Amino acid sequence: MSAVGTSEVLPLTKKQKYACYIVTGAFLLAVGLILILAGTDVIKASVSDVAAPTVLYGLGLSILISAIITKNSISLWIAGVMLTCGTASLLAVVTPATYANIYPMYIAAPGIGCAFSVWLAEDKPSVIKPMVFFGGLAAVFSLNSSGACGWGVTGGVLAAYIGVAIIAVALNAYLNRNKNNA
């Protein structure tokens, strides 16, 4: 069975389907138990503090394992995004950092999702390009969230970054069009 890429969807075997159902059920059971334990003060954390990271990690890990079982690159991407967002939510709860410091992780999430899916993707450059773009975008916003620069400088760097990205896309499209016409 070959890996599912960006254009091919293979039917799942019964074993794959049942394995995915069991994995999903087990992670949802774990999420439910953690939320119950927090709600009954067995875990000394408020439900509102643990809900987002617990749900995002539970679903993200469930999708990740199911994606590995089914060799599905799109599901790997979704898992990477969910786990990144779960990590950001967890950091906001267990560290002194706030969402004002952590929000670049949400911007990086699509690129991190690409990093998860790149090993099963048929066309790796088409996955690496958004990974680099969103990683760079998150780095630009990190200038502000870290306190290194105010919004004036961050906004200028952001405009320049997006300008360079647009020029790179246009040049790439032009060069590929000329290469195909030759």
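Note that this is a predicted model, so its numbers are computed, not measured.
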Donor-acceptor pair, side chain of [X] and main chain of [Y], under 3.5 angstrom:
X	Y	result
Asn176	Ala173	no
Ser117	Cys114	yes
Trp77	Pro110	yes
Lys71	Leu120	no
Ser126	Asp123	yes
Ser142	Ala138	yes
Tyr57	Leu90	no

request  = Report the hydrophobic cluster partners of Tyr21, with the cluster defined as I, L, V, M, F, W, Y residues connected by side-chain heavy atoms closer than 4.5 angstrom, directly or transitively.
outcome  =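 Tyr21 clusters with Tyr18.
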query = For Val42, what are the other residues in its hydrophobic cluster, where any two members join if their side-chain heavy atoms are less than 4.5 angstrom apart?
reply = Ile34, Leu37, Ile43
inquiry  = Please find the pair of heavy atoms, one from Tyr103 and one from Ser145, that lie closest to each other, and give the distance.
reply    =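 In terms of heavy atoms, the two residues are closest at CE2-CB, 3.6 Å.
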inquiry  = Taking the side chain as everything from C-beta on, heavy atoms only, tell me whether Leu143 gets closer than 4.5 Å to Val157.
reply    =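 Touching, per the 4.5 Å side-chain cut-off.
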Roughly how far, to the nearest 0.5 Å, is the [atom2] atom of [Y] from the [atom1] atom of [X]?
X	Y	atom1	atom2	answer
Leu12	Asn72	CG	CG	8.0 Å
Ser66	Leu61	OG	CG	10.5 Å
Leu59	Thr24	CG	OG1	8.5 Å

request  = Report the C-alpha separation of Leu83 and Leu64 in whole Å, then their side-chain angles, then the decisive distance to 0.1 Å, and conclude whether the side-chain contact (heavy atoms from CB on, under 4.5 Å) test is met.
outcome  = CA-CA 9 Å; Leu83 292 172; Leu64 176 67; 4.2 Å; yes
ask   = Do Leu76 and Ile112 belong together in a cluster built from hydrophobic side chains that touch within less than 4.5 Å?
value =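 Hydrophobic grouping puts Leu76 with Ile112.
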query = side-chain contact (heavy atoms from CB on, under 4.5 Å) between Phe141 and Tyr106: does it pass, once the steps are laid out?
reply = CA-CA 11 Å; Phe141 279 101; Tyr106 292 103; over 6 Å; no
